[in-house]
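Worksheet: one structure, shown below.
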Amino acid sequence: MTTRHPLVRTLAAALLGALLLGFASAEREIVIAQGVDVTGFDPHGHHTTAVEAVHVNLFDYLIFRNADGDLEPALAVAWEPIAEDAWRFELREGVVWHDGAPFTGEDVKFTLERVASDSSLQPFDSYRQIREVEVVGPHEIIIHTHGPEPLMLNRISRLSSGIVPKHVVEEIGWEGFDEAPIGTGPYRFVEWRRDDRIILEAFDDHWRGRPAFDRVVHRTIPEDSTRVAELITGGVHIAPNVPPQDVERVLASGAVAVEQQPTTRIMLLIMNTHEDAITGDPRIREAIELAIDNQLLVDAVMGGLGVPTRARLSPGISGSPMELFGTYNYDPERAVELIREAGYEPSDITIKVEGPAGRYPLDVEQAEVIALMLQQIGVNTEMEVLEWSAFQSRIWNADNITHFALMGLANSMFDNWFSMRAIQCEAAYRNRVHWCNERFDELMALAETEVDLDKRTEYLHEATYLVVEERPWIPLFQIEVLVGVSTDVDWQPRQDELLWMFAAQPVD
Amino acid sequence: MTAYILRRLLQMVPVVLGITLIVFVLVRVSGDPVALLLPEDAEQYQIDALREALGLDQPITTQYLIYMRDLLRGDLGTSIRYSGQDALPIVLERLPATLQLTFAALLVAVVISFPLGIIAAVYRNRWPDVSATSFAVLGQAMPNFWLGIMMILLFAVILGWLPVSGRSGLASFILPAITLGTSLAALLTRLMRSSLLEVLNQDYVRTATAKGLQRRLVLLKHAVRNALLSYVTVLGLQVATLMAGAVVTEQVFAWPGIGLLAIQAINSRDMAVIQGVVIVAALIVMSANLLVDLLYALIDPRISYS
């Protein structure tokens, strides 16, 4: 029996039409899942890698760091220092904003002068060196600084460096901009559903060319196991921070590869070197360093995800003596000797291990293993691990470190001066470490304004070795994170943890 | 009736005020949002500048007075996490997602517990009763965090029938609603069973049976209706528990409701948003309680508010 009822035929035709339409408009979409949502779209309204990881697709920098860590032209095509305190930039011509208006030097002036002058903006500290942006022509600007500024290129190529359109912000204000941001990046803003998803679509007129994917969806999935499940079922193509214990399960699905992504974050022990504390004795600090087996810590706690280091540096950080990376000192016998030389028996002393819980990957476990390692040389230990915000207010900002605190510090400036700036005599860590070395400060002051990069590197190397010898902090290892990437996508994670989707290609 | 409702609505005002005070103080003594916004090695002047910009440099009493003044104008303050946006719209735009989920969970709970409780009571101590009671014990013993993850594993990852997470389409409701509704279903099953058993032993039921009424009629018309009173009471009171459960469920399923908002806001000490969520949640719970009281009058004609 054949049915030729008109309704059936209509329905069949409609179904076929819908199918054909579906194929014709098949969009290439890539879905990314992070644990936290963006806080808005004002590039100066945050200081967070996870937020910048999304922003970077909407806004262009003047200079962009490529996946290898090298600086390459973006909105600026050429640059040169023209005086000790001035840099000239030639801007790219023919760049348009997502609303079609042309990009000019006025936009750069508007953007940089705002963040350089408002101290309540979170990234202010990295831009306050800028005195004025002079617009010489529509595509030429000069950035004047308060003094010699060797880090100028690092400053304008890091998080929060996205350039915003003057005409749009002046028209709709920063609050309006947060709801409907406009940039020059490869993707344009479509929709933001808070704590759910951000939808971006390819910008046809982007100066690098049209990106390979038509749509980028950034989803917020706070729960690790849910993110992993989405990855396995193909609901998500890229997900940073795959928990090490889930790697096997993820790989078993056959649809996902797990990439190891080194970061600039170094786990370290911030020491209280005040003479009233037992850690005020340099021999005790050295003993603590020698008692810790950094590689074992990485293997036992982090599942091998990390590289031991003796200084707060990692590949790609300018001015770094790299011979200190990938190495560590472990000598428990010498540690015991040092404690005896300081006039104690190991069992006489009690060291307090302090740290935050839930701030860094497996931070509590790290603190526990460090305490265990100290116990191995006969030292007594006490532990205090607090939820991050409580740790901040009771220990960290209260300058209440008893002996040492476990911290993890990232380096978005990709520079060794930036790494060490906080331990100068009068800087942020003054009352935390109580360490003051005049020669170190002198070297840091020289490096801060030295534009001859070879000389600057020399100063920074010497300063780094002073820190390594005197141990106001004891670096442990560089954190590596795991990123799940679907086999349908060709994309490599970056050391700065940005989710730069222009580089993503579909695998057919 | 109207007077009663008005009186109840007025009573909500001091409760909300009390709640704002408690939350205001708790949020401020438990951590510093400025420290969470800035990097670990931020300079003191930056911390000070941001604190001033957020108004946190004022004494806590001044902060509270400013907060109350704004609250009376319907202004809950601005979000710290969502750089300077008004807190109220942020909370309200998330409300539908949570209400839908809560309602779906309530539906799941009623659809399971109502028949199951009746069957358990009618077949007391026989296998349907044992099965229903086992479900009730199991359902209440499973933390919904664990249940959610297990359901994702089974129905989304292994069987591939349902989406893992997110809020897009009807299918995405199924797993979170069952996760959130199961423990309530378990509680209500037990409750329905015990109150029905109690009613079934009453004289008027025996009388109705003696009069020769059909067993089905006796059960549904006389017994169940009277057993409903405690069922509805607990159902209404459990709205608060459901809202609390939604916090965990939304986290597991990346469900963009006020529960997820609450967790993210607490993690970043986003004071205005935390306060907004608590006030809105309190209003919902109080309204649910009021609704239950009004429902009594419908179920039990002996109760009247006039």
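Everything quoted here is computed from the prediction, not taken from an experiment. Reminder, nothing fancy here: chain letters follow the sequence lines and each chain counts from 1.
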Derivation of the side chain to side chain donor-acceptor pair (under 3.5 Å) call for Y127(A) and S160(A) = CA-CA 10 Å; Y127(A) 299 88; S160(A) 298; 5.3 Å; no

Hey, are [Y] and [X] close enough side-chain-wise for a donor-acceptor pair under 3.5 Å?
| X | Y | result |
| --- | --- | --- |
| T49(A) | E52(A) | no |
| R167(B) | Q100(B) | yes |
| S165(B) | E230(A) | yes |
| W192(A) | D37(A) | yes |
| S268(B) | D270(B) | no |

R215(A) and E191(A): salt bridge (Lys or Arg N to Asp or Glu O under 4.0 Å), yes or no, with the steps?
-> CA-CA 11 Å; R215(A) 274 158 78 89; E191(A) 193 188 354; over 6 Å; no

Give, as side chain, backbone, both or neither, the part of [X] having an atom under 4.5 angstrom from any heavy atom of chain B.
| X | value |
| --- | --- |
| Q122(A) | both |
| R430(A) | neither |
| W174(A) | neither |
| R359(A) | side chain |
| D125(A) | both |

About how many Å separate CG of L71(B) and OG1 of T20(B), when rounded to the nearest 0.5 Å?
-> 6.5 Å

Non-hydrogen atoms of chain A under 4.5 Å away: do they reach the side chain of [X], the backbone, both or neither?
| X | value |
| --- | --- |
| Q251(B) | both |
| R51(B) | neither |
| E250(B) | neither |

Determine the option with the most heavy-atom pairs under 4.5 angstrom with chain A, choosing from L54(B), I47(B), D48(B), I90(B).
-> I90(B)

Could [X] and [Y] be called an ion pair, given the rule that one side-chain N must be under 4.0 Å from one carboxylate O?
| X | Y | answer |
| --- | --- | --- |
| E387(A) | R269(B) | yes |
| D196(A) | R94(B) | no |
| D195(A) | R81(B) | yes |
| R197(A) | E29(A) | no |

Could you check whether the rings of Y67(B) and Y64(B) sit parallel, tilted or perpendicular, using 30° and 60° as the cut-offs?
-> tilted

Within the distance-only criterion (no hydrogens, no angle test), does the side chain of [X] pair as donor or acceptor with the backbone N or O of [Y] below 3.5 angstrom?
| X | Y | value |
| --- | --- | --- |
| W417(A) | M444(A) | yes |
| N411(A) | F414(A) | yes |
| R128(A) | A116(A) | no |

For E354(A) and F391(A), which heavy atoms make the closest approach, and how far apart are they?
-> C-CE1, 4.3 Å

Tightest non-hydrogen contact, residues V91(B) and V273(B), listed as CG2-O, 4.1 Å

Side chain to side chain donor-acceptor pair (under 3.5 Å) assessment of S126(A) paired with R158(A) | CA-CA 9 Å; S126(A) 300; R158(A) 65 189 289 277; 2.9 Å; yes

Compute the ring centroids of F177(A) and F41(A), then answer whether they are less than 6.0 Å apart.
-> no

Hey, which residues of residues 232-242 of chain A are touching chain B, say heavy atoms under 4.5 Å apart?
-> I232(A), T233(A)

Among residues 218-225 of chain A, residues within the sub-4.5 Å heavy-atom range of chain B, in order of number, are R219(A), T220(A), I221(A), P222(A), E223(A), S225(A)

What option among A410(A), A229(A), S119(A), A422(A) has the most heavy-atom pairs under 4.5 Å with chain B?
-> A229(A)

Show your working on side chain to side chain donor-acceptor pair (under 3.5 Å) between R227(A) and Q34(A) and close with a plain yes or no.
-> CA-CA 8 Å; R227(A) 221 162 43 235; Q34(A) 291 203 91; over 6 Å; no

Pull out the residues in residues 280-288 of chain B that come under 4.5 Å of chain A, heavy atom to heavy atom, sorted by number.
-> none

Under 4.5 Å, heavy atom to heavy atom: which of residues 141-164 of chain B reach chain A? Give them by number, or say none.
-> F145(B), I149(B), I152(B), L153(B), A156(B), V157(B), V164(B)

